[in-house]
A.B. asks: 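Got a structure for you, written out below as structure tokens; questions coming shortly.
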Amino acid sequence: KRLVVLVSGSGTNLQALLDAIETVGSEAYGAEIVAVGADREGIEGLARAERAGLPTFVCKVKDFGAREEWDAALAEATDAYEPDLIVSAGFMKIVGKEFLARFGGRVVNTHPALLPSFPGAHGVRDALAYGARVTGCTVHFVDDGVDTGPIIAQGVVEILDEDDESALHERIKEVERTLLVDVVGRLARNGYRIEGRKVVIQ
Ligand code: GRF
């Protein structure tokens with residue numbers, strides 16, 4: 001299976017996928033990353049892709065007159081690589097109608113909280129501020145909402161009294177990277193069905 005990974009930052013989830021595929025081989029893993037896309041230049045995620053010899057593309061919202069044009073351009077750029085699955089790994093933009101029309105049901109996102117709790121761009125900070133005792137990460141399919149698509153897998157992380165946002169996020173990311181690598185491999189190898197809110201991996 002062909003994966004396109006979308007990033008906006010450090011790309012450690014991307015790196016975890018790259019390392020896993022490198023370790024077991026794309027045949028055994030069931031997928032290869034064919035390109036990495038981003039919404040901004042100069043991020044470590046793009047540097048990681050370039051170090052791995054992967055093609056990259058950048059679609060910046062401000063380069064387009066309207067949000068819909070950005071969305072269509074992102075869809076075009078992604079489509080060029082003929083992906084089977086798109087993995088949004090720390091991609092900090094909400095994809096729109098055009099992108100979902102083209103790839104709906106094939107876009108996997110990872111979120112650093114236990115959805116439906118704490119959706120949005122500050123899930124780690126919100127869980128901490130709320131005084132939750134556990135949080136975690138969620139790997140889900142993207143639908144036309146924000147962090148509302150069918151859940152594929154979740155991992156739980158304790159919140160410690162001494163946690164600040166970055167310490168907690170780092171601990172979440174350790175669980176998240178393992179979860180994402182496992183889920184993407186299973187989706188790619190086994191195939192899956194989305195039945196309402198349920199995801200069935202064959
Ligand atoms: C991940 O925790 C992701 O869930 C969140 O931002 C982080 C991205 O980390 N949206 P990285 O860019 O993969 O290191």
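Just so you know, these numbers use all the heavy atoms, side chains as well, and skip hydrogens, waters and symmetry mates. Every number for a ligand or one of its atoms is a count from 1 in the order of the listing.
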A.B. asks: Every pair of nitrogen or oxygen atoms between ligand 1 and the protein that is under 3.5 angstrom apart - can you list them with their distances to 0.1 Å?
C.D. replies:
| from | atom 1 | to | atom 2 | distance (Å) |
| --- | --- | --- | --- | --- |
| ligand 1 | 2 (O) | His169 | NE2 | 2.7 |
| ligand 1 | 2 (O) | Glu176 | OE1 | 2.7 |
| ligand 1 | 2 (O) | Glu176 | OE2 | 3.4 |
| ligand 1 | 4 (O) | Thr110 | O | 3.2 |
| ligand 1 | 4 (O) | Glu176 | OE2 | 2.5 |
| ligand 1 | 9 (O) | Lys173 | NZ | 3.2 |
| ligand 1 | 12 (O) | Ser10 | N | 3.3 |
| ligand 1 | 12 (O) | Ser10 | OG | 3.4 |
| ligand 1 | 12 (O) | Gly11 | N | 2.8 |
| ligand 1 | 13 (O) | Thr12 | N | 3.3 |
| ligand 1 | 13 (O) | Asn13 | N | 2.9 |
| ligand 1 | 13 (O) | Asn13 | ND2 | 2.9 |
| ligand 1 | 14 (O) | Ser10 | OG | 2.5 |
| ligand 1 | 14 (O) | Gly11 | N | 3.4 |
| ligand 1 | 14 (O) | Thr12 | N | 2.8 |
| ligand 1 | 14 (O) | Thr12 | OG1 | 2.6 |
| ligand 1 | 14 (O) | Lys173 | NZ | 2.9 |

A.B. asks: Backbone N or O of Leu115 within a donor-acceptor pair of the Thr138 side chain at under 3.5 Å?
C.D. replies: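 At least one qualifying donor-acceptor pair exists.
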
A.B. asks: Considering residues, nucleotides and ligands other than Glu165, do more than 12 of their heavy atoms fall under 6.0 Å from its CD?
C.D. replies: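 Atom CD in Glu165 is packed in, count exceeds 12.
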
A.B. asks: Determine yes or no for a side-chain-to-main-chain donor-acceptor pair under 3.5 angstrom, with Tyr29 supplying the side chain and Val181 the backbone.
C.D. replies: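 Between the backbone of Val181 and the side chain of Tyr29 there is a qualifying donor-acceptor contact (under 3.5 Å).
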
A.B. asks: Give every residue pair that meets the side-chain hydrogen bond (donor to acceptor under 3.5 Å, both in side chains) criterion with at least one member in residues 62-77, sequence neighbours excluded.
C.D. replies: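 Output for this query lists Glu76-Arg102.
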
A.B. asks: Should the pair Arg2-Asp84 be classified as a salt bridge under the 4.0 Å nitrogen-to-oxygen rule?
C.D. replies: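 A salt bridge is absent here (no side-chain N lies under 4.0 Å from a carboxylate O).
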
A.B. asks: Decide, yes or no, whether a salt bridge links Arg171 with Glu176 under the criterion of side-chain N to carboxylate O below 4.0 Å.
C.D. replies: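 Looking at Glu176 together with Arg171, the answer is no, because their closest N to O distance does not fall below 4.0 Å.
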
